[in-house]
Amino acid sequence: MVPVRHPLVALDDLPWLVAAEFAQQPGLRLTFAQVQRLWALPERECREILDYLTDTGQLVQDEDGQYTRPDCDY
């Protein structure tokens, strides 16, 4: 079963939604697969969003491959 994204969420809004979720939950740590499932993203879109968020310093990827806010120290 393929998850269906809410039709009112534009693709351009997805990076902001992902970043907002991490901002609301400072200790949130998610793997690529978890981000992909949580927002029902195709692999390519998920990669582009996470690359954008890490390139702009909004997220970092730790040595375990988990994404988190850069100010998260654990």
Side-chain angles (χ1 to χ4, degrees):
M1 184 165 132
V2 176
V4 178
R5 193 174 318 127
H6 195 281
L8 298 178
V9 176
L11 291 177
D12 291 343
D13 294 334
L14 284 171
W16 308 116
L17 292 173
V18 173
E21 192 72 28
F22 279 91
Q24 291 175 3
Q25 300 181 58
L28 185 63
R29 303 174 76 77
L30 297 173
T31 65
F32 178 89
Q34 291 169 322
V35 172
Q36 188 178 10
R37 280 194 307 270
L38 185 60
W39 283 280
L41 296 169
E43 185 175 344
R44 181 178 172 203
E45 286 178 22
C46 188
R47 176 62 50 211
E48 289 173 358
I49 289 168
L50 290 173
D51 285 348
Y52 170 77
L53 292 174
T54 55
D55 289 347
T56 59
Q58 296 177 63
L59 293 179
V60 294
Q61 187 176 20
D62 68 16
E63 61 277 350
D64 295 328
Q66 293 182 321
Y67 291 89
T68 189
R69 290 174 26 166
D71 58 352
C72 185
D73 292 332
Y74 48 90

Where the side chain of D64 meets the backbone of Q66, is there a donor-acceptor pair that is under 3.5 Å apart? no
From CG (L59) to OG1 (T54), nearest 0.5 Å: 7.0 Å
Hey, could you give me the CG/CD distance between D51 and Q61, rounded to the nearest 0.5 Å? 9.0 Å
Nearest non-hydrogen partners of R29 and Q34, listed with the distance: O-OE1, 4.0 Å
Should R44 and E48 be marked as a salt bridge (charged side-chain N to carboxylate O under 4.0 Å, His left out) after you check the CA-CA gap, both sets of side-chain angles, and the distance that decides it? CA-CA 6 Å; R44 181 178 172 203; E48 289 173 358; 3.1 Å; yes
Can you tell me how far apart CH2 (W39) and CG (L30) are? Round to the nearest 0.5 Å. 6.0 Å
Any non-hydrogen side-chain atom of Q58 less than 4.5 Å from a side-chain atom of F22? no
Looking only at heavy atoms, what is the nearest atom pair of G57 and P70, with distance? O-CG, 3.3 Å
Path from L17 to L50 over hydrophobic side-chain contacts below 4.5 Å: yes
Minimum heavy-atom separation for Q36 and P42, please, with both atom names. NE2-C, 3.7 Å
Should the ring pair W16 and Y52 be called parallel, tilted or perpendicular, given that the plane angle runs from 0 to 90° and is split at 30 and 60? perpendicular
For L53 versus A19, what's the shortest heavy-atom pair and its separation? CD2-CB, 4.0 Å
Joint cluster assignment, L28 & L38, ILVMFWY side-chain distance < 4.5 Å: yes
